[in-house]
Structures are given as structure tokens and as C-alpha cells.
Amino acid sequence: MGLKDNLLRLSDYVYVLSENTVKGQRVPVYFYLSDKLFEHLEEDAIRQAANAATLPGVEKAIYVMPDVHVGYGFPVGGVMGVNTDEGVISPGSIGYDINCGVRLIATHLSEERIKPIRQELMKEILSKVPAGVGSTGRLKLSKEQLKEVAIKGARWAVEHGFGLEEDLLHIESSGTLANADPDKVSNFAYERGSEELGTVGSGNHFVEVQTVDEIYDEQIAKRLGLGKGQITIMVHSGSRGFGHQVCVDYLKVAKDALEKYRIEIPDMQLACMPFKSKEGQDYFKAMNAAANYAFANRQILGFITADVIRRFLGISWEELGYRVIYDLAHNIGKIEKYTIDGKDKELLIHRKGATRAFPPYNPDVPPAYRDIGQPVLIPGDVGRYSFLLVGTHKSMEISFGSACHGAGRLMSRTKAKEYVKREGIEKVLEGLVVVARGKGTVMEEVPQAYKDVTEVVRVVHELGIAKLVARFKPLGTLKG
DNA sequence: ATGTGC
């Protein structure tokens, strides 16, 4: 008898773990899954979500997206809203990769032009765009310079020649989060971050050249300037060692503060501090600083990748038609307002492997997209489709304005490596163009190691928390 | 995710 047996199926895509199923559980936990994805649901992921439901100040419900898997303390794919007056902030429930996120860039190029030369083009991207664990970029920034990055985010990158002013109009929070304080970030984080700005990283992070492969909503796609056979660039990356160190530093602060604030938690990995406490505010300000680093990172990566393509083809920026469609986080904590039981409340929404999906006419949706809803970007894994959706009103009712973020692992990294060694890399990656400096990450990230992102996105669409607009097929992928 | 793993 595990927790999975306690899940109640409410409808085709909704399961609930009622409140008080586990000791101290304050709110129910909703799982958004198809029958197929329910089979993959791990007992430990349920346990982690239920544990989070015991945290002080947690409101309404914990929501778990269809791409759920076990994480550090809180499951990847989890959404938690905590009252900013009485509640806590939990670094582990935001994740080690603060502002891990996705950027989508449109071009005027056509699939016919790129497909025949994709192998050579990807080699060029490999030689110019740094990727991999510990990889360093073309920038080496002093602590003072990084402090500026931490305050300005994507704006810093634009001011230093990486992109256009108008790019900023098409990024979540304009690519600059206001509540950042660079003085709350440790010297070690500045050391680790000094040479990593403008680098991809490892794991499922990538830079990809894609083609628009399928349109689900003609009207919205047209508004976004997207049509079949059009070339796009997608960037999936985060705050690298800088954000990682912020998380490490404040997990320690949180553990040390548990006794001081008399917080009892069922799992040390959920170490947290009152949001309004000095420790909580320090972490929040450091987290926003790291999130700004990540916005700057994707701004640089997207722009230099576009520039490599432009130079490779020997064309002008005008002919390339570089245009940022959107950029947003899927590992972050944000202050948002919700009405719960008729009361207006301010919540700190923890999204860990979950993407904001705000509806049309929400003031946080950029003016350019106000009437169609906020773009939601779902990166595929190697060789798999990626997706563009838009947020809906329903997400505000049943998921704190959130949707999924990707696919989620099926095989462990070790298992994936064994599988690739058994089958052979050529057979596993049949027909895919994947470039990387080393083989290790590619072996760990083969498509077979992941759940099917198409199924994940289908659940989100059917449930109505985001609406499908377009699908993107990879022509070439740069991995770490 | 991560100057990757007890």
C-alpha cells in the first residue's frame, strides 16, 4: 500500500491526494496525468508533493504537471503557492537551476534553405557557441560587472551589443526582475559565474535550429508571425554555476534557520525560511539576481547563435529576420495575486519544472500578446518536437497560472548510457543531427531516455491550462 | 541542473 493507492481519479486527466492523507498535510495535491503518464508516476514524487503540502502558509493546493518526476525535495513539475504573510520560501522547491528556461527566436529563413546544409551549419554553431559542464564563454566578467548583470538581466546583454532593444518587449518580466540584490549573492557564486555567461550548460540544455512543423491554431500562429516550414532557433538554458551556487548557499541558510523559526518539515530537502524573515528575503533577492543572470545568458546565446547562422549564410540581419518571440522561466519563485475562497491573497508561487501560462488580458502578459495570452514554450528532448502554446483562463483556476515544462526522464543517466552502448549511438540517434564537444551528455540525453513530450503537451491542452499553437521539429541540436 | 557520482 503506497500513496499511489490513495490517489483518487476525478476525471480523465485529474487525480487528487486529499488533504490529511499524510501527517500535517494542509492542502490537497492535484496530479494532472493521462492514463499512460499515471503509470510512470513515481511513489517518491507523490511523497515529495505531499510533503510540500505540509509547509507553513501553503495555500489552496499543490499542483503537479504531467511531466512530473522526483526532484530535490519537491518534484520537478510541481507548483506551490505560499502566502507571503505567514508562509515560507523553499529554495529546493524552486530548484538548483534558478531560471532554467526557454527562448524562441523566429527567422525569415525557410526549411529548404537550411536542411541541405544543416550538418555544416551545426558544426559552425558547435565551434562558436560554448556548451558543456564548466564550459566558458567569450566573456570574462569581474564581480562588479556581474553585479550589473544581476540587476539588469537581459537588458545588460542588449546594452553590451547582444541583441536589440525590442527583444526585451518579448521576454517574461522584460528580462529584468526588480527584486534582485547582488549583495545577497556569495563571492563563490560570482567566481563560478565569471566566465559562464553566454554558455549552454549540460543535461537537457541545448541550442537548436528548428522548423515550424505543425500549426494547431492558425489565427494565433499568424499573430505570432509563424508559418509552416519557417526556421526558428530555440535556446534551453539557465543560470549555470551562478544560480547553482545561490541555491547551495541558501539551502544551508534555510537548514540553519529551521530551529530559529521553529519550522518542522518532513524532509530536510524542503528546508525553508519564512518569506518575510531576513533569511527569506535574502534568498528571494539572490534568487532574482540569479534569474537575471539566466535571462542575460539566454539573451546572449540566442543572439550569438543567430549571428553565427547569419554569417554562415553571408546575409544581413534584415534578411535573417531575427525576432525574439518569447523567453520565460520554468524554475522560479514569483509573487502573484490569486483569489482563494473569495479572499484576495498575495502568494509566492514556486514553479519547479513548470511554466507560467497566463491568460489573455492579464497585465503581466506583454502588450504584443495581450489579446492572445502569454506564450508558453515547451522544449523537446534531443530529436523530439518542441511546442508553443498560449496561457488560458483555466490555468488561473486550476494550476496557479501554470503548465508543464518538458518531458521528464524515463531512464536514469546510467541506464541511458548502458542502453546507448548496447544499441550503438548511430542507431539510437538515427537521422538526427546532434553536435557536442563530448559524447557523455548526448548518451545520457537520447530521446529514448525521456517520456514522450507530445503526450505531456496533449494532457495540458486537453485539460485546458494552455492551448496548443505550433510544433517545432529539430534540424540540428547543440548539446553540452 | 551542477568546477556531475558516497
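Order of the sequence lines sets the chain letters (A, B, ...), proteins ahead of strands, with each chain counted from 1.
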What about R240(A), does its side chain sit under 3.5 Å from the base of dT4(B) through a donor-acceptor pair?
no

Tell me: [atom1] of [X] to [atom2] of [N], nearest whole Å?
X       : N      : atom1 : atom2 : result
D249(A) : dT2(B) : CG    : P     : 16 Å
R409(A) : dT4(B) : CZ    : P     : 17 Å
Y72(A)  : dG5(B) : OH    : P     : 13 Å
D97(A)  : dT4(B) : CG    : P     : 16 Å
N297(A) : dT2(B) : CG    : P     : 10 Å
K479(A) : dT4(B) : NZ    : C1'   : 14 Å
I98(A)  : dT2(B) : CD1   : P     : 12 Å
Q245(A) : dT4(B) : CD    : P     : 13 Å

Is the terminal nitrogen or CZ of K276(A) (NZ for Lys, CZ for Arg) located under 6.0 angstrom from the six-membered ring centre of F284(A) and within 45° of that ring's axis?
no

Can you say whether the rings of Y63(A) and Y32(A) are parallel (under 30°), tilted (30 to 60°) or perpendicular (over 60°)?
parallel

Using a 4.0 Å heavy-atom cut-off, does G95(A) contact any base of the nucleic acid, only the sugar-phosphate backbone, or nothing at all?
nothing

Students often get this wrong, so: under 4.0 angstrom with heavy atoms, is E191(A) touching a base, only sugar-phosphate, or nothing?
nothing

Contacts of G203(A) and V133(A) projected onto DNA chain B by closest heavy atom; the upstream (5') one is G203(A)

Side chains of K260(A) and S277(A): donor-acceptor distance under 3.5 Å anywhere?
no

Do E418(A) and K421(A) sit within salt-bridge range, that is, some charged N less than 4.0 Å from a carboxylate O?
no

